[in-house]
Amino acid sequence: MTTLPGDDMAAEPEQSEPQATEDGFLNGAVRVLQPAVGYRAGLDAVLLAASVSAEPGQSLAEAGSGAGAALLCAAHRLDGIKACGFERDEAMASLARRSVGLNGFEARVELRRHNIEDRPADLENRFDLSMCNPPFFEPGTARAPGEGKQAAYVLDTPLKSWVRFLAHVTRRGGYITLVHRAAALADVLELLSPRCGEIEVLPVRPAPGLPARRILVRGRKGLRRGPVTLHAGLDLHVEPGGASSPRAAEVLAGGCLDWR
């Protein structure tokens, strides 16, 4: 892990890049610059990236890209797509742009500074699929996060705004995918149901027999019919505290996540 000094690449001087580390994802195949202090992407980003599928020539949007871990992992696996991340924090977007270059993705991946509460006409129906890993907790409902983690964990932009942005930028028939806390399943379904059909839910458990802590949810924009499918789920470990399950190990190495 290499520590890099921050440099000021921000559009606004007060948002200079933080001190950063270079971290490996997908067994080192993807390199991501992340803040040395604060929120650091991990398994949720890898699961989200592994859960999307696309044909060569299609396009992917991510809302709230942060330092770009999920976007870069998706671009690595889906090497025939173009991808665009939308991130309101210019310092984080700047780190992600540097990581794009670090991985040689300049021709296929871009980062735009953008607040997802804004839904301009030029972004409507622009992308074949979209994804996000929104902050999980309402203000005041969880212990105060550590330094630099507030924006990643505390939902100061309502979940509805995240879903509305994904629905705005995704073409009709395209897939919208989210990763969230299992406890938020009812809220996610309530927001997706008026906008999507063929909704699928994949619970993610630490190990067999334990309650799911995460859910992956996807639906097809604009379809008003189709079943809601609850899949059997993914066990991350063969037993509590044990080795990774074969499915999880495949995902961590850069494989596609089979929802079935």
- Task: Apply the test salt bridge (Lys or Arg N to Asp or Glu O under 4.0 Å) to residues R97 and E90: give CA-CA distance (whole Å), side-chain angles for both, the deciding distance (0.1 Å), then the verdict.
- Result: CA-CA 10 Å; R97 291 187 192 106; E90 175 58 29; 2.7 Å; yes
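- Interatomic distance, S51 OG to R218 CZ, rounded to the nearest 0.5 Å: 7.5 Å.
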- Message: Please evaluate residues T21 and R40 with respect to the criterion side chain to side chain donor-acceptor pair (under 3.5 Å), reporting the C-alpha separation (whole Å), side-chain torsions for both, the decisive distance (0.1 Å), and the verdict.
- Response: CA-CA 10 Å; T21 60; R40 296 169 62 78; 2.9 Å; yes
Solution key, residues 60-74 side-chain donor-acceptor pairs under 3.5 Å, sequence neighbours excluded:
{"residue": "E62", "atom": "OE1", "partner": "S65", "partner atom": "OG", "Å": "3.3"}
{"residue": "S65", "atom": "OG", "partner": "E62", "partner atom": "O", "Å": "3.4"}
{"residue": "S65", "atom": "OG", "partner": "F86", "partner atom": "N", "Å": "3.4"}

- Task: Let me see the working for I176 and V163 under side chain to side chain contact (heavy atoms under 4.5 Å, CB included), right down to the final yes or no.
- Result: CA-CA 9 Å; I176 294 171; V163 174; 5.9 Å; no
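- Side chain of R108 to main chain of A75: a donor-acceptor pair is present (N/O by atom type, distance under 3.5 Å, no hydrogens or angles).
- Checked by atom type and distance alone, the side chain of R195 never pairs as donor or acceptor with a backbone atom of K221 at under 3.5 Å.
- Checked for salt-bridge contact, R171 and D128 meet the test: a charged N lies under 4.0 Å from a carboxylate O.
- Within the 4.5 Å cutoff, the side chain of I199 has heavy atoms near those of the V217 side chain.
- Between M131 and L166 there is no side-chain heavy-atom pair separated by less than 4.5 Å.
- Looking at heavy atoms from C-beta onward, D235 lies out of side-chain contact with V204 at the 4.5 angstrom threshold.
- Atom CD of E55 is surrounded by 12 or fewer heavy atoms from other residues, nucleotides or ligands within 6.0 Å.
- Taking the side chain as every heavy atom from C-beta outward, L234 and P203 never approach each other to under 4.5 Å.
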- Would L236 and S245 satisfy side chain to side chain contact (heavy atoms under 4.5 Å, CB included), going step by step from the backbone distance to the final call? CA-CA 6 Å; L236 296 176; S245 69; 5.6 Å; no
- Query: Between D23 and R31, is a salt bridge (Lys or Arg N to Asp or Glu O under 4.0 Å) present by the stated rule, with each step listed?
  - Reply: CA-CA 6 Å; D23 303 303; R31 311 301 299 176; over 6 Å; no
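- At least one donor-acceptor pair closer than 3.5 Å links the side chain of H237 to the backbone N or O of G242.
- Residues L216 and E200 are not in side-chain contact: their nearest non-hydrogen atoms beyond the backbone lie 4.5 Å or more apart.
- The local environment of NZ in K82 is sparse, with at most 12 non-hydrogen atoms from other residues, nucleotides or ligands closer than 6.0 Å.
- Contact detail for W259 and T177: the closest heavy-atom pair is CZ2-CG2, 4.3 Å.
- Counting heavy atoms from C-beta outward, R77 and C256 have side chains that approach closer than 4.5 Å.
- Note: the hydrophobic cluster containing I215 also contains V228 (ILVMFWY, side chain heavy atoms under 4.5 Å, direct or indirect links).
- Side-chain contact check for R119 versus E124: every heavy-atom pair is 4.5 Å or farther apart.
- Residues H114 and F165 place their aromatic rings such that the two centres sit under 6.0 Å apart.
- When hydrophobic clusters are built by joining Ile, Leu, Val, Met, Phe, Trp and Tyr residues whose side-chain heavy atoms come closer than 4.5 Å, directly or via intermediates, V109 is grouped together with V32.
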- Pair S130-T170, side chain to side chain donor-acceptor pair (under 3.5 Å): steps then yes or no: CA-CA 6 Å; S130 63; T170 307; 2.8 Å; yes
- Take R247 and D258 through the test salt bridge (Lys or Arg N to Asp or Glu O under 4.0 Å) and record every step on the way to the result. CA-CA 8 Å; R247 287 178 72 195; D258 185 352; 5.7 Å; no
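- Within the 4.5 Å cutoff, the side chain of L257 has no heavy atoms near those of the E250 side chain.
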